[in-house]
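Since the structure comes first, as structure tokens, the remarks are kept for the end.
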Amino acid sequence: MQIPFFRYGHVFGQQREGILASMIKVMDRGAFILQDELKQFEQQVAAFAGAKYAIGMANGTDTLFLALRAAGVGAGDEVILASHTYIATAAAVHFNGATPVLVDCGPDHLIDPAAVEAAITPRTKAIMPTQLNGRTCDMDRLQAIASKHGLLIIEDAAQALGSKFKGKCAGTFGFAGSISLYPAKVLGCFGDGGLLFTNDDKTYAALRQLRDHGRNDDGLVVRWGMNSRLDNLHAAILLEKLKIYPQEMERRRALAALYTAGLSDLEDMTLPPAPDSDPRHYDIFQNYEVEAGRRDALRAHLAENGVRTIIQWAGTPVHQFKDLGLPKFNVPATDRLFQRCFLLPMNTSLTDAEVAYICEVIRKFYGRK
Ligand SMILES: *Cc1c(COP(=O)(O)O)cnc(C)c1O
């Protein structure tokens with residue numbers, strides 16, 4: 001068997017007819033920028049997540065940058081985030097002139113609330129939790145810390161559309177929450193795309209201007225802004241994808257349950273929490289990030305048997321990048337985790353038989369039936 005890490009062709013092939021029809025409708029009308037499909041997508045995805053507003057943007061990095069900008073985060077401010085995140089989270093802070101403060105993650109690989117509290121200084125302005133791998137942080141604890149210290153929460157929910165903590169969706173807890181629509185993300189378009197959720201009227205108005213050259217609805221420039229609009233063509237594609245999104249989430253959870261059944265007895269591996277193991281969490285498994293003893297040999301063994309895996313961020317959490325001029329951060333749990341973690345294939349092109357095969361290859365490596 002040959003199992004790639006991700007099948008990019010599936011993003012289109014899965015809904016070929018419907019997507020083509022909706023694209024042709026948009027292109028025949030010449031409806032390319034800030035048109036009806038974008039409005040509809042924003043309304044539908046906001047309703048899906050239980051947010052008051054969604055604002056479509058060019059990618060899931062501009063969203064973070066502009067959310068911080070709308071929050072007034074700038075020079076002299078500190079923003080706390082996990083080192084186990086994509087560089088985009090830190091870059092959004094950096095390009096606003098503020099300082100990213102990197103902290104450790106907990107056993108579920110998400111930002112450790114105790115580490116957040118320990119990193120707070122008089123300059124701290126915001127916490128940016130990454131809702132990693134399709135799981136939502138313990139937002140009760142993070143919100144308690146934020147309100148005790150008067151901090152904003154801006155979620156990097158790039159990987160977590162539809163993931164919930166106590167019934168509430170990732171991206172809807174704080175000042176604003178960011179979703180990436182990159183092709184390999186849970187809801188992927190055919191290039192770059194992103195969106196922000198917010199529940200606040202004034203923030204919504206500001207973000208719509210920030211993504212469109214600072215212009216108001218009359219086209220007058222009322223602030224500095226940039227061009228970071230989600231293409232209407234992409235919105236049309238995403239409307240099609242949103243139709244099957246609930247089944248997509250359930251399929252990922254079913255695949256995670258198959259991995260649990262196939263691997264949970266191996267002492268050499270630590271798996272993500274199983275889909276229904278904690279009633280507070282509804283995880284949507286953007287990724288299936290495991291920990292494994294003799295990781296590099298296991299990955300080589302999987303590759304020899306046709307199974308492609310990756311380590312997130314090319315194996316480098318943010319604090320380990322040498323060329324960014326960051327100060328030294330003490331994040332021992334993250335350092336330990338990156339000796340052991342990697343991602344097994346997790347996407348809706350996978351069949352049950354493929355997951356069974358992957359489990360079999362892993363069991364053989366550890367000498368188990
Ligand atoms: C994908 C991702 C981003 C950035 O999204 P883009 O749309 O690629 O800009 C940010 N943060 C995390 C955690 C991500 O996984």
Side-chain angles (χ1 to χ4, degrees), residues 5-6 8 11 41 45 54-69 79-96 100 102-103 105 108-111 126-137 142 153-163 170-171 173-174 176-197 210-211 226-231 234-235 237-238 241 252 272 283-289 310-319 321 324 334 337-338 341-343 346-347:
F5 181 71
F6 189 78
Y8 281 93
V11 179
F41 173 64
V45 76
I55 304 114
M57 294 191 182
N59 56 66
T61 303
D62 283 5
T63 46
L64 295 167
F65 171 78
L66 291 178
L68 288 164
R69 178 58 54 123
V79 178
I80 298 172
L81 53 134
S83 182
H84 186 4
T85 188
Y86 193 35
I87 188 60
T89 330
V93 177
H94 172 82
F95 280 109
N96 274 298
L102 306 176
V103 301
C105 55
D108 66 356
H109 304 187
L110 275 64
I111 198 166
I127 307 168
M128 270 178 111
T130 296
Q131 314 292 21
L132 194 70
N133 296 328
R135 180 178 173 84
T136 307
C137 298
L142 289 177
I153 289 180
I154 294 170
E155 293 167 74
D156 184 350
Q159 302 192 350
L161 180 65
S163 163
F173 287 89
S178 164
I179 303 284
S180 169
L181 305 168
Y182 180 85
K185 293 285 158 68
V186 277
L187 183 72
C189 61
F190 299 171
D192 282 308
L195 66 89
L196 275 174
F197 290 127
L210 284 167
R211 75 160 176 195
M226 4 190 280
N227 179 356
S228 183
R229 302 171 299 222
L230 178 66
D231 293 328
H234 265 145
I237 293 163
L238 288 159
K241 308 222 94 181
R252 286 174 178 274
D283 297 353
I284 53 126
F285 296 93
Q286 159 73 60
N287 299 312
Y288 198 74
E289 188 170 60
I310 64 169
I311 307 175
Q312 238 172 158
W313 337 124
T316 314
V318 176
H319 76 283
F321 286 114
L324 300 179
T334 307
L337 178 63
F338 273 77
C341 67
F342 74 104
L343 303 183
M346 169 54 81
N347 60 77

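When a ligand or atom number is given, it counts from 1 through the structure's own listing order.
For the pair T85 and ligand 1, the shortest N or O to N or O distance does not fall below 3.5 Å. Looking at ligand 1, you'll find an N or O of G60 within less than 3.5 Å of one of its N or O atoms. The distance criterion of under 3.5 Å between nitrogen or oxygen atoms is not met by D192 with respect to ligand 1.
Neither side chain, Q312 nor H109, offers a donor N or O lying under 3.5 Å from an acceptor on the other.
Under 4.0 angstrom from ligand 1, the non-hydrogen atoms of D156 all belong to its side chain.
A donor-acceptor pair under 3.5 Å is absent between the side-chain atoms of Q131 and the main chain of A157, judged by distance alone. Proximity of a side-chain donor or acceptor of H234 to a complementary backbone N or O of F190 within less than 3.5 Å is detected. With hydrogens and angles disregarded, a donor-acceptor distance shorter than 3.5 Å links the side chain of R252 to the backbone of F285. Checking side-chain atoms of S163 against main-chain N and O of G134 turns up a donor-acceptor pair under 3.5 Å.
Nearest-heavy-atom check against atom 2 (C) of ligand 1 across Q159, K185, Q131, H84 picks out K185.
For ligand 1 and T130, the ligand atoms under 4.0 Å from any heavy atom of the residue are 13 (C). Taking every non-hydrogen atom of T61 and a distance limit under 4.0 Å, the qualifying atoms of ligand 1 come out as 4 (C), 6 (P), 9 (O). Per-residue contacts place G193 under 4.0 angstrom from the following atoms of ligand 1 (heavy atoms of the residue considered): 7 (O).
At most 12 heavy atoms of other shown residues, nucleotides or ligands fall within 6.0 angstrom of atom CZ in F95.
Remark: minimum distance from atom 5 (O) of ligand 1 to any protein heavy atom is reached at S180 OG, 3.2 Å. The shortest contact between atom 3 (C) of ligand 1 and any protein heavy atom is with Y86 CD2, 3.5 Å.
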Exercise. For the pair L230 and L238, evaluate side chain to side chain contact (heavy atoms under 4.5 Å, CB included) and give the outcome as yes or no after the intermediate values.
Key: CA-CA 11 Å; L230 178 66; L238 288 159; 4.0 Å; yes
